[in-house]
Amino acid sequence: MSTVLVTGGNGYIGSHTVISLYENGYDVIIADNLSNSKMEVQNRLEKICGKRFKFYNVDCCDEAALEKVFSENKIDSVIHFAGLKAVGESVRMPLEYYSNNINSMITVCKLMKKYGVNNLVFSSSATVYGMSEDVPFTEESPLGVCTNPYGWTKWMLEQILRDFAKAEPSMKVCLLRYFNPVGAHESGLIGEDPRGIPNNLFPYISKVAGGTLEKLTVFGDDYDTPDGTCIRDYIHVVDLADGHVKAIRYLESHDAGVSLFNLGTGKGTSVKEAVAAFEKACGHEINHVFGPRRPGDIAVCYASTEKAEKELGFVAKYGIDEMCSSCWKWQTMNPEGLSDD
């Protein structure tokens, strides 16, 4: 059985990917420092999978601590999620973002080289395309001028991994550029559980729908789009997790080097459409108001998915209705999120 180390495996996307890996016959080891996740996720994963996964509470920037994970296990592949990820926070805390996101990746690569682990899937982002409005974004679209330190860390890490793979002839790297992950596992046991006020649209809508937050502010209703609100490519987190399993299989069957794929649905949904879909899922209106545009937001952003379909065999199965209904199930089952450790 092939063993995959999932860094940041207690997080939102990481935990869903752990389930998908397990369901596809992989052995999984999780490393997470719990800075933006909770230990309760381990209990929920055990309920879903019927298995307690090997877990290490380590910071990926701590080489000595992370080496323990590599030395104690025969690891075949790594999926690297661990990192700071809030766009607004990155503007306020640029040094922390550059330090954490870049150092954690370099540490992982050093240990992969030392222990002969040659398969790496990296959690990148559509933010690397910057402010370009030439949609849909393909893997060949020019990398734009990123609008925040979080985006720049993804841009820089992609370049670091290209250089690393060039220097290490046996290294296989897959860069996955996500668009907007939303939704939750069908069980309602795991979902997006940010600490503090949510930064992303769907967890915010969920909390307004559930009565935890008073109202949703929609930033801008005067964009050059059919209904005036921004259009984004939302992808169900379970589909996204499936994309990571397909990326691991792709690396296992291909030669060394760097591959690159967008993971999205290839369809755009406006903020107004997203709110309407959530109202349908929860059965009542969601209190929302319109505010000024947010600096750095572009009008339209969605993926071309042709390459992922052709080479990975990846096609998103779920639409916006399933995303909203799974979000609402997660919210109603866990109105206060997961319990603190």
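Hydrophobic cluster membership differs between Met105 and Leu251, with clusters built from Ile, Leu, Val, Met, Phe, Trp and Tyr side chains linked at under 4.5 angstrom. Residues Leu21 and Leu5 do not share a hydrophobic cluster, clusters being chains of Ile/Leu/Val/Met/Phe/Trp/Tyr side chains in contact below 4.5 Å. The hydrophobic clustering, which links ILVMFWY residues whose side-chain heavy atoms are closer than 4.5 Å, places Val271 and Trp328 together. Connection of Val6 to Phe55 is established within a shared hydrophobic cluster, with ILVMFWY side chains joined at heavy-atom distances below 4.5 Å, either directly or through further cluster members. Linking Ile, Leu, Val, Met, Phe, Trp and Tyr residues whenever their side-chain heavy atoms come within less than 4.5 Å leaves Ile106 and Phe81 in two separate clusters.
In this structure, Asn334 contributes its side chain and Gly188 its backbone to a donor-acceptor pair below 3.5 Å. Put simply, the side chain of Glu40 never gets that close to the backbone of Leu338: no donor and acceptor are under 3.5 Å apart. In terms of modelled atom types and a separation under 3.5 Å, the side chain of Asn100 and the main chain of Glu96 share no donor-acceptor contact. Between the side chain of Asp59 and the backbone N or O of Cys61, at least one donor-acceptor pair lies under 3.5 Å. No side-chain donor-acceptor contact under 3.5 Å links Thr305 to the backbone of Ala308. Arg177 places no side-chain N or O within 3.5 Å of a backbone atom of Tyr129 that could act as its donor or acceptor partner. For Asp239 (side chain) and Ile235 (main-chain N/O), no donor-acceptor pair under 3.5 Å exists by modelled atom type.
A donor and an acceptor atom, one from each side chain of Glu46 and Asn43, are nowhere located under 3.5 Å apart. In summary, the side chains of Ser170 and Asn118 do present a donor paired with an acceptor at a separation below 3.5 Å, with no hydrogens or angles considered. Judged purely by distance below 3.5 Å, without hydrogens or angles, the side chains of Ser124 and Glu158 pair a donor atom with an acceptor atom. Thr229 and Asp221 share no donor-acceptor pair across their side chains, judged by distance under 3.5 Å alone. No hydrogens or angles considered: nothing links the side chains of Asn10 and Arg44 as a donor-acceptor pair under 3.5 Å. A donor atom on one side chain and an acceptor atom on the other are not found under 3.5 Å apart for Lys307 and Asn262. Looking only at atom types and distance, the side chain of Ser123 has no donor-acceptor partner in the side chain of His80 under 3.5 Å away. For the residue pair Tyr204/His288, the side-chain donor-acceptor check at 3.5 Å is not satisfied. Side chains of Glu214 and Asn287: a donor-acceptor N/O pair is absent below 3.5 angstrom, by distance only.
For the pair Thr153/Ser90, no side-chain contact is recorded, criterion being any heavy-atom separation below 4.5 Å from C-beta on. Counting heavy atoms from C-beta outward, Ile30 and Val18 have side chains that approach closer than 4.5 Å. Counting only heavy atoms from C-beta outward, the side chains of Asp227 and Glu273 approach each other to under 4.5 Å. Between Pro181 and Tyr12, the closest side-chain pair of non-hydrogen atoms falls below 4.5 Å. You'll find the side chain of Pro149 reaches within 4.5 Å of the side chain of Val91, heavy atoms only. Side-chain contact check for Leu120 versus Ser77: every heavy-atom pair is 4.5 Å or farther apart. Within the 4.5 Å cutoff, the side chain of Cys324 has no heavy atoms near those of the Lys280 side chain. Tyr26 is listed as a side-chain neighbour of Arg249, based on a closest heavy-atom distance under 4.5 Å.
Using a 30° and 60° split on the angle between ring planes, Phe53 and Tyr22 fall in the perpendicular class, above 60°.
Looking at every heavy atom in both residues, Cys109 comes nearest to Leu161 through SG-CD2, 3.6 Å. Considering all non-hydrogen atoms of both residues, Asn119 and Met112 come closest at O-CE, 3.5 Å. The nearest pair of heavy atoms linking Glu322 to Ser325 is O-OG, 3.2 Å. Between Leu45 and Ser15 the shortest heavy-atom distance is CD2-O, 3.6 Å. Nearest heavy-atom pair across Ala86 and Tyr97 is N-OH, 2.9 Å. Closest of all the heavy-atom pairs between Tyr150 and Ser125 is OH-CB, 3.9 Å.
Using a 4.0 Å cut-off between a side-chain N of Lys or Arg and a carboxylate O of Asp or Glu, Glu252 and Lys172 do not qualify as a salt bridge. A salt bridge links Lys114 and Glu67; the closest N-O separation between the charged side-chain nitrogens and carboxylate oxygens is under 4.0 Å. The pair Asp242-Lys246 meets the salt-bridge criterion, with a side-chain N (NZ, NE, NH1 or NH2) lying under 4.0 Å from an Asp/Glu carboxylate O. In summary, Lys310 and Glu306 do not engage in a salt bridge, as defined by a charged side-chain N under 4.0 Å from a carboxylate O. The pair Lys267-Asp233 does not count as a salt bridge, with every side-chain nitrogen at least 4.0 angstrom from each carboxylate oxygen.
Distance CG/Leu84 to CG/Asn36: 8.5 Å, rounded to 0.5 Å. To the nearest 0.5 Å, atoms CG (Leu66) and NZ (Lys110) are separated by 11.0 Å. Once rounded to the nearest 0.5 Å, the distance linking CZ of Arg293 with SG of Cys230 reads 7.5 Å.
Residue Asp297 places its CG atom among more than 12 non-hydrogen atoms of other residues, nucleotides or ligands, all under 6.0 Å distant. Residue-environment remark: CZ (Phe290) exceeds the threshold of 12 foreign heavy atoms within 6.0 Å. Within 6.0 Å of CD on Gln159 lie more than 12 heavy atoms contributed by other residues, nucleotides or ligands. Annotation: Glu186, atom CD; neighbour count of heavy atoms from other residues, nucleotides and ligands within 6.0 Å does not exceed 12. Other residues, nucleotides and ligands contribute at most 12 non-hydrogen atoms within 6.0 Å of the CH2 atom of Trp155.
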*Do Ser326 and His185 pass the side chain to side chain donor-acceptor pair (under 3.5 Å) test, and can you show the C-alpha distance, the side-chain angles, and the key distance before you say yes or no?*
CA-CA 7 Å; Ser326 64; His185 189 262; over 6 Å; no
*asked:* Could you go through Leu240 and His16, starting from their C-alpha distance and side-chain angles, then the distance that decides it, and tell me whether this counts as side-chain contact (heavy atoms from CB on, under 4.5 Å)?
replied: CA-CA 9 Å; Leu240 190 58; His16 287 83; over 6 Å; no
*Just do the side-chain contact (heavy atoms from CB on, under 4.5 Å) check on Val245 and Ile248 with the steps written out, would you?*
CA-CA 5 Å; Val245 176; Ile248 289 288; 5.7 Å; no
*asked:* Between Val237 and Ile13, is the side-chain contact (heavy atoms from CB on, under 4.5 Å) condition met? List the steps.
replied: CA-CA 6 Å; Val237 68; Ile13 303 170; 4.3 Å; yes
*asked:* Please evaluate residues Val4 and Asp76 with respect to the criterion side-chain contact (heavy atoms from CB on, under 4.5 Å), reporting the C-alpha separation (whole Å), side-chain torsions for both, the decisive distance (0.1 Å), and the verdict.
replied: CA-CA 6 Å; Val4 181; Asp76 299 292; over 6 Å; no
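Cation-pi check for Arg232 over Tyr302 is not met; the charged atom does not lie both under 6.0 angstrom from the ring centroid and within 45 degrees of its normal.
Applying the side-chain contact (heavy atoms from CB on, under 4.5 Å) test between Thr17 and each of Val238, Val121, Ile79 identifies Ile79 as the sole match. Here the rule is ring pair (Phe, Tyr, Trp, His ring centres under 6.0 Å) with His244, and of Phe314, Tyr250, Phe261, Tyr178 only Tyr178 fits it. Of the listed residues (Phe202, Phe179, Phe278, Tyr318), just one forms a ring pair (Phe, Tyr, Trp, His ring centres under 6.0 Å) with Tyr234, and that residue is Phe202.
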